[in-house]
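Structure first, then comments.
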Amino acid sequence: MQIENAVNFIREKTNGFVPDILLVLGSGLGNYTDGLVGVTIPYSKIDGFVPSTVAGHRGALFFYSSNNKNIAVMQGRFHFYEGNSMETITYPIKLLKKLGAKTVILTNAAGALDTTLSPGDLMLIKDHINLMGTNPLIGKNDDAMGERFPDMSNVYCQNLIKKAHIAADEMGINLKEGVYAATTGPSYETPSEVKMLKIMGADVVGMSTVPEAIIANWLNMKVLGISLVSNYASGVTDSKLSHSEVLEIGKETSDKFKKLVNKIIEKM
Ligand code: HPA
């Protein structure tokens, strides 16, 4: 089976590394692993992985240890708007679960739906709204992995949220909390869609994270979600949206983000 091949291959390349945590890096956060010592495996070598086609996403798994924890980092994720199936997008979560990971930290860049958040802010995801028009669990259920109708009342682990706030307080970072709405993209929203999302109860909007969170929850993994606010969503201010702006804010904020994630992992 493809997933068993990939598990065996990664075990061989990493000398039997058993990850505790999977960290998924979003747009502009790809330099997280710079300066760290570990093992890199390009996606092109892993059975079932597809190339990452988005600027700012490197396309490799990185394995390292820190604070007595083994961490696997996805440098770039698979998006629905790239034409990937939900199966492809969520395959890495299943793979890392099979390798031993019990916790997943999902990060992304997202647009703020009003001015209570500003570009450069970090926001913990307390809940999400799935507006992708599909669900990664559609199809035959693998009962050995998770339930047919998984409960979704606590996708984002309260305990990890508390730890993240403690870490942020210690570092003097103003860490916000809010609801993430996921659309398919790749076009950004219209101003009217942004108004609708706000009325629905979302605080930020992005094009990822939710499929991975649904699968991780199904697999009984603990999930922590962190959004880097990269821009005001369409219509919130007069400015136009661009992917380069999203990447730029990612770069500017990556130091703060990296230190925060390290501190949170230290507390896990
Ligand atoms: N909308 C959707 N996805 C995004 C945005 C946005 O404004 N910013 C970063 N990802």
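Bear in mind that the values here come from a model prediction, so they are computed numbers and not experimental data. By convention here, the first residue in the shown sequence is residue 1. Whatever order the structure lists them in is the order used to number ligands and atoms, beginning at 1. Basis for what follows: all heavy atoms, side chains included, without hydrogens, waters or symmetry-related copies.
- Annotation for Tyr64 and Phe17: closest pair O-CZ, 3.3 Å, computed over non-hydrogen atoms.
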May I have every N or O pair linking ligand 1 to the protein at under 3.5 Å, one per line with atom names and distance?
{"from": "ligand 1", "atom 1": "1 (N)", "to": "Glu189", "atom 2": "OE1", "distance (Å)": "2.8"}
{"from": "ligand 1", "atom 1": "1 (N)", "to": "Glu189", "atom 2": "OE2", "distance (Å)": "3.3"}
{"from": "ligand 1", "atom 1": "7 (O)", "to": "Asn231", "atom 2": "ND2", "distance (Å)": "2.9"}
{"from": "ligand 1", "atom 1": "8 (N)", "to": "Gly111", "atom 2": "N", "distance (Å)": "3.4"}
{"from": "ligand 1", "atom 1": "8 (N)", "to": "Asn231", "atom 2": "OD1", "distance (Å)": "2.7"}
{"from": "ligand 1", "atom 1": "10 (N)", "to": "Ala109", "atom 2": "O", "distance (Å)": "3.4"}

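- Below 30°, between 30° and 60°, or above 60°: for Tyr81 and His79 the angle between ring planes is below 30°, a parallel geometry.
- When all heavy atoms of Ala216 and Val223 are compared, the pair lying nearest together is CB-CG2, 3.6 Å.
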Per-pair distances, 0.1 Å, donor-acceptor, side chain in residues 138-151, under 3.5 Å, sequence neighbours excluded:
{"from": "Asn141", "atom 1": "OD1", "to": "Trp218", "atom 2": "NE1", "distance (Å)": "3.2"}
{"from": "Asn141", "atom 1": "ND2", "to": "Asp143", "atom 2": "OD1", "distance (Å)": "2.7"}
{"from": "Asn141", "atom 1": "ND2", "to": "Gly146", "atom 2": "O", "distance (Å)": "2.9"}
{"from": "Asp142", "atom 1": "OD1", "to": "Ala144", "atom 2": "N", "distance (Å)": "3.1"}
{"from": "Arg148", "atom 1": "NH1", "to": "Gly139", "atom 2": "O", "distance (Å)": "2.8"}
{"from": "Arg148", "atom 1": "NH2", "to": "Leu137", "atom 2": "O", "distance (Å)": "2.7"}
{"from": "Arg148", "atom 1": "NH2", "to": "Gly139", "atom 2": "O", "distance (Å)": "2.9"}
{"from": "Asp151", "atom 1": "OD1", "to": "Ser153", "atom 2": "OG", "distance (Å)": "3.1"}
{"from": "Asp151", "atom 1": "OD2", "to": "Ser153", "atom 2": "N", "distance (Å)": "3.3"}
{"from": "Asp151", "atom 1": "OD2", "to": "Ser153", "atom 2": "OG", "distance (Å)": "2.6"}

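- Under a 4.5 Å side-chain heavy-atom cut-off, the cluster of Ile, Leu, Val, Met, Phe, Trp and Tyr residues that includes Leu131 is completed by Leu113, Ile129, Val179, Val194, Met196, Leu197, Met200, Val205, Tyr232, Val236.
- Every ring-ring contact (aromatic ring centres under 6.0 Å, His included) that Phe49 has, sequence neighbours left out, goes to Tyr43, Phe78, Tyr91.
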